[in-house]
J.: 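Attaching a single structure in structure tokens format; questions to follow.
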Amino acid sequence: MSSNVDSATTQLLEDFDKVVKDSEALLRSLANVSGEKAVALRDTVETNLNIAKARLADLHGTARQKASYAAKEADAYVHENPWTSVAVAAALGVIIGLVISTPRR
């Protein structure tokens with residue numbers, strides 16, 4: 001599942017890069033391009049932006065689902081193993097306390 005998220009993230013970044021490049025091209029060409037070409041370039045930028053927004057929404061939905069699933073699984077584990085959870089939390093607290101109290105050089 002992690003590779004799916006990584007793949008989606010990579011694709012999303014590529015899409016945003018394409019939108020940025022198209023936007024830059026639009027800005028450079030607005031000063032000296034005829035009306036029809038400017039409209040066509042704006043349409044391309046708008047299409048790419050809509051695609052990127054849709055992918056971002058999909059990625060956001062997937063991330064929310066995975067976070068919700070992880071929270072439910074953690075909750076179930078804590079209810080099934082309360083003393084183990086308390087021991088792990090105490091150990092983490094000790095480790096964090098030691099790291100914080102260690103003098104820095």
Side-chain angles (χ1 to χ4, degrees):
M1 280 198 181
S2 178
S3 65
N4 290 341
V5 172
D6 292 339
S7 173
T9 303
T10 301
Q11 184 63 43
L12 181 64
L13 292 174
E14 289 173 1
D15 289 344
F16 276 119
D17 186 48
K18 188 175 181 180
V19 168
V20 168
K21 287 180 182 178
D22 287 345
S23 298
E24 291 171 348
L26 175 64
L27 292 175
R28 282 192 304 266
S29 66
L30 280 178
N32 58 3
V33 175
S34 68
E36 291 178 18
K37 289 183 180 181
V39 169
L41 190 54
R42 276 190 213 121
D43 288 343
T44 301
V45 170
E46 185 177 354
T47 300
N48 289 336
L49 185 58
N50 289 335
I51 290 169
K53 284 181 180 179
R55 291 214 173 133
L56 181 61
D58 289 342
L59 186 61
H60 184 264
T62 301
R64 285 186 70 171
Q65 287 176 348
K66 288 183 179 186
S68 176
Y69 176 76
K72 287 178 184 177
E73 288 296 314
D75 185 56
Y77 180 82
V78 168
H79 281 93
E80 292 171 6
N81 305 299
W83 291 111
T84 303
S85 301
V86 169
V88 168
L92 285 174
V94 169
I95 292 170
I96 291 171
L98 289 173
V99 169
I100 290 173
S101 67
T102 304
R104 301 194 195 282
R105 293 180 184 202

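If you read the sequence from its start, that first residue is 1, and numbering goes on from there.
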J.: Could you give the side-chain donor-acceptor pairs of residues 81-99 under 3.5 Å, partners two or more places apart or in another chain?
T.:
unit_1: N81; atom_1: ND2; unit_2: Y77; atom_2: O; d: 3.4
unit_1: S85; atom_1: OG; unit_2: N81; atom_2: O; d: 2.9

J.: Check which hydrophobic residues are tied to I51 through side-chain heavy-atom contacts below 4.5 Å, counting indirect links as well, and list them.
T.: none
J.: Please give the remaining members of the hydrophobic cluster of V78, linking ILVMFWY side chains under 4.5 Å, ordered by chain and number.
T.: none
J.: Hey, which of Q65, E73, K72 is the one that makes side-chain contact (heavy atoms from CB on, under 4.5 Å) with Y69?
T.: E73
